[in-house]
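Worksheet: the structure to be examined is printed underneath.
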Amino acid sequence: MTNIRVRFAPSPTGFLHIGGARTTLFNWLFARHHKGTFVLRIEDTDEVRSTHDSVDAILDSLSWLGLDWDEGPAPGSFDGSGWKEKGPHSPYFQMKRLEFYNKYKDQLLSEGKAYRCYCTKEELDAMRRQAQLEKRPPRYDGRCRTLTDAQRKANEAAGRAASIRFRMPDDGATVVPDLIRGDVSFENKLLQDFVIVKTGGGPTYNFACVVDDHIMEMSHVIRGDEHLPNTPSQIQLYRALGWEHPQFAHLSMILGPDGAKLSKRHGATSVLEYKTQGFLPETMRNYLALLGWSTTDSQQLFEAKELVDRFDLEGCQKNPATFDPVKLLWMNGTYIRKMTPQQLSDAAAPFLKEAGLDAVAPDALSKAVSLEIEKTKLLSEVPKLVDFFFKDAVYDPKAVDKVLKGPVPMQVLQKLGDALKDFSPFTEKPLEERIRKFCADENLKPGQVFHPIRVAVSGRTEGPTLFLMLELLGRDKVIERFELARKQFATAA
RNA sequence: GGCGCGUUCGUCUAGCGGCCCAGGACGCUGCCCUCUCAAGGCAGAGAUCACGGGUUCGAAUCCCGUACGCGCCA
């Protein structure tokens with residue numbers, strides 16, 4: 001069996017979006033599963049829209065997702081003119097590989113498999129309109145196929161720029177053997193002589209892609225569904241160049257909730273946005289894997305290694321999948337619950353810093369986090385879940401209305417405050433015993449006591465288990481907040 | 001417009017001729033646990049397998065059409 005070599009080949013014209021991340025993930029999983037090689041190639045032939053920032057954003061996104069590549073540019077290595085690269089096929093930027101495209105363009109030209117086309121944009125537009133009028137497919141008519149040397153010279157003399165077109169076969173059909181969809185057949189007469197080199201001299205996507213995939217020895221091309229209609233043209237190019245084509249696998253697309261291709265108007269589509277929202281990379285990998293791939297037992301949660309072990313192209317879905325943010329959120333919660341409090345604190349560090357909680361002692365923070373871990377769904381929620389341990393409580397008016405209003409809560413706070421003033425040890429079990437005794441002594445139901453305590457101390461009705469929360473806050477803060485709440489809300493009664 | 005791909009609970013999916021009047025997961029509803037919120041446990045609602053024809057003793061599964069959705073080429 002040949003070595004497995006796959007690649008992800010993004011155009012650096014923006015951030016890495018969810019669809020691109022999914023394609024990368026599948027390539028990466030396939031490579032790792034087969035102990036093959038994963039290559040990152042930058043298709044920057046669109047000189048107008050390609051930017052250095054986009055390259056960096058893509059590299060950062062992949063690094064965050066934990067999808068490492070064996071060949072290609074190194075993240076963070078931009079030095080003002082380019083990136084450091086690793087791998088035997090460097091450079092991995094198409095704009096630095098023009099010599100290859102030129103070489104094979106010349107070969108095709110000299111073998112008569114490609115030709116110069118002098119048609120202007122206006123002429124091509126006219127041709128298209130005419131075809132539409134006659135209800136024919138708008139296909140290039142091949143008028144420059146048979147230009148004589150004299151005609152060619154005349155065109156050159158007239159200052160017309162030439163593009164290079166590939167001579168497609170007129171008859172027969174081209175079959176795309178697809179690992180996911182089976183054989184897909186396209187009639188050649190409906191395919192046109194497509195441009196391989198633009199008038200400006202740059203290669204088109206279909207040409208550069210074929211040349212590079214061959215030179216870089218790709219065994220499989222795993223890419224989005226939208227490339228399937230390009231594939232017969234590419235296969236013809238491989239043949240004309242005397243090359244064997246790689247195996248193809250076309251992944252179904254990812255849709256937004258409205259059934260249209262996932263795009264910016266559906267909200268967050270940049271992978272990095274999910275990082276800032278507080279999702280974990282392992283969540284993203286697991287969830288994205290399930291978008292278009294599954295096992296026969298419909299397993300949902302996969303350890304990192306398990307995903308690599310179990311991934312295969314056979315489990316890939318033909319039909320498009322709708323991205324479900326609700327399930328993503330659930331999944332993030334399951335991953336957070338698997339973490340230790342320490343790990344969660346560390347992972348949430350950027351968010352804690354933003355909330356001004358970065359000075360909190362790690363040990364105290366970890367304890368607070370441990371009380372909230374099972375309800376955390378996003379890293380970004382951690383600060384507001386624990387802030388009242390370290391900052392003044394902010395009283396939620398609704399909570400106050402519901403729980404602190406009336407004479408009973410106020411009395412509870414006063415009497416219990418007195419009772420706890422010198423109480424020791426101020427730890428969970430003794431506190432529970434003491435407070436339950438207080439309930440009995442005062443002839444109050446536990447709820448009549450517990451709820452006011454909770455709101456007085458934290459400002460809200462929902463929170464961690466009560467007595468541990470009190471222990472962690474410590475006696476001084478508890479007493480202080482009892483008093484503060486009484487002063488602040490006594491009149492409200 | 002032409003070509004191509006797709007169509008199983010709201011969503012992600014299992015299913016590759018009998019085990020399926022369709023299984024799992026998210027979400028939803030109810031109950032249990034309980035000091036709140038969660039988490040967890042249990043139960044439930046939810047899919048005439050897009051539609052119409054075939055093939056077959058038997059079809060979600062095979063074949064052919066139709067509809068719809070999406071993509072590509074313009």
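All values derive from a computational prediction rather than experimental measurement. Quick note on labels: first sequence line is chain A, next is B, and so on, each numbered from 1.
In this structure, of rG71(B), rG15(B), rC35(B), it is rC35(B) that holds the atom nearest to the side chain of Leu466(A). Closest contact between the side chain of Thr465(A) and the listed nucleotides rA25(B), rG27(B), rU36(B) involves rU36(B). You'll find that the side chain of Thr322(A) is closest to rC12(B), out of rG4(B), rC12(B), rC73(B). Nearest to the side-chain atoms of Leu228(A) among the listed nucleotides rG15(B), rG4(B), rC37(B) stands rG4(B). Comparing rG6(B), rC12(B), rC3(B) against the side chain of Phe186(A) picks out rC3(B) as the nearest. In the set rU11(B), rC35(B), rG71(B), the nucleotide with an atom closest to the side chain of Asp324(A) is rU11(B). Each of rC26(B), rC16(B), rC3(B) was ranked by its minimum atom distance to the side chain of Glu314(A); first place goes to rC16(B). Of the candidates rG4(B), rU36(B), rG40(B), the closest approach to any side-chain atom of Arg337(A) belongs to rG40(B). For Lys375(A), the listed nucleotide lying nearest its side chain is rC37(B); candidates were rG27(B), rU13(B), rC37(B). Distances from the side chain of Trp330(A) to the nucleotides rC37(B), rC35(B), rA25(B) place rA25(B) closest.
One finds no side-chain N or O of Asn230(A) lying less than 4.0 angstrom from the OP1 or OP2 phosphate oxygen of rC72(B). When the side-chain nitrogen and oxygen atoms of Asn319(A) are compared with OP1 and OP2 of rC12(B), none of them lie within a distance under 4.0 Å. Residue Ser298(A) places no side-chain N or O under 4.0 Å from the OP1 or OP2 atom of rA25(B).
Stacking of Arg434(A) on the aromatic ring of Phe438(A) is not recorded, the 6.0 Å distance cut-off and the 45° axial limit not both being met.
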Determine, step by step, whether Tyr395(A) and Phe388(A) satisfy the ring-ring contact (aromatic ring centres under 6.0 Å, His included) criterion, reporting the C-alpha distance in whole Å, the side-chain angles of both residues, the deciding distance to 0.1 Å, and the verdict.
CA-CA 10 Å; Tyr395(A) 290 95; Phe388(A) 68 89; over 10 Å; no
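Looking at Arg454(A), its side chain comes within 3.5 Å of the base of rC35(B) through a donor and an acceptor atom.
Nucleotides rU61(B) and rU55(B) have their C1' atoms positioned 13 Å apart, rounded to a whole Å. Look at the P atom in both rC12(B) and rC19(B): the space between them is 26 Å, to the nearest Å. Here, rU7(B) and rG15(B) have their C1' atoms 16 Å apart, quoted to the whole Å. Only the P atoms considered, rC49(B) is 32 Å distant from rC72(B), to the nearest whole Å. rG18(B) and rA59(B) have their C1' atoms separated by 10 Å, given to the nearest Å. Comparing rC16(B) with rC31(B), their C1' atoms are spaced 39 Å from each other, to the whole Å. Rounded to a whole angstrom, the distance from the P atom of rC63(B) to that of rG27(B) is 37 Å.
Gly224(A) comes within 4.0 angstrom of nothing in the nucleic acid, heavy atoms only. Backbone-only engagement by Arg181(A) is indicated by non-hydrogen atom pairs under 4.0 Å involving sugar-phosphate atoms exclusively. Within 4.0 Å (heavy atoms only), Ser252(A) reaches no atom of the nucleic acid at all. Within the nucleic acid shown, Gln300(A) comes within 4.0 Å of at least one base atom, counting heavy atoms only. At a threshold of 4.0 angstrom between heavy atoms, the contacts of Met253(A) are confined to the sugar-phosphate backbone, with no base atom among them. When heavy atoms are screened at a 4.0 angstrom cut-off, Gln317(A) is found touching the sugar-phosphate backbone but no base atom. Among the heavy atoms of the strands lying under 4.0 Å from Gly463(A) is at least one base atom, whether or not backbone atoms are also near. At the heavy-atom level, Lys402(A) lies nowhere under 4.0 Å from the strands shown. Nucleic acid contact for Tyr287(A): none, since no nucleic acid atom lies under 4.0 Å from a heavy atom of the residue. In this structure, Pro320(A) reaches the sugar-phosphate backbone alone: every heavy-atom distance under 4.0 Å involves primed, P, OP1 or OP2 atoms, never a base.
No more than 12 heavy atoms of other residues, nucleotides or ligands lie within 6.0 Å of CZ in Arg116(A), so this atom counts as exposed by the packing criterion. For Lys318(A), the NZ atom sits in a loose shell: 12 or fewer heavy atoms of surrounding residues, nucleotides or ligands are nearer than 6.0 Å. Around atom NZ of Lys198(A), more than 12 heavy atoms belonging to other residues, nucleotides or ligands sit under 6.0 Å away.
Residue Arg460(A) contributes atom CZ, which lies 17 Å from atom P of rU36(B) at whole-angstrom precision. The separation between Leu329(A) atom CG and rA38(B) atom P is 13 Å, rounded to whole Å.
Look at rG69(B): its Watson-Crick or wobble partner, with both distances under 3.5 angstrom, is rC5(B). Under the Watson-Crick or G-U wobble criterion, with both distances below 3.5 Å, rC16(B) is left unpaired in every strand shown.
Looking at Asn230(A) and Tyr205(A), their side chains never bring a donor and an acceptor atom within 3.5 Å of each other. In this model, a donor atom of one side chain and an acceptor atom of the other lie less than 3.5 Å apart for Thr174(A) and Asn188(A).
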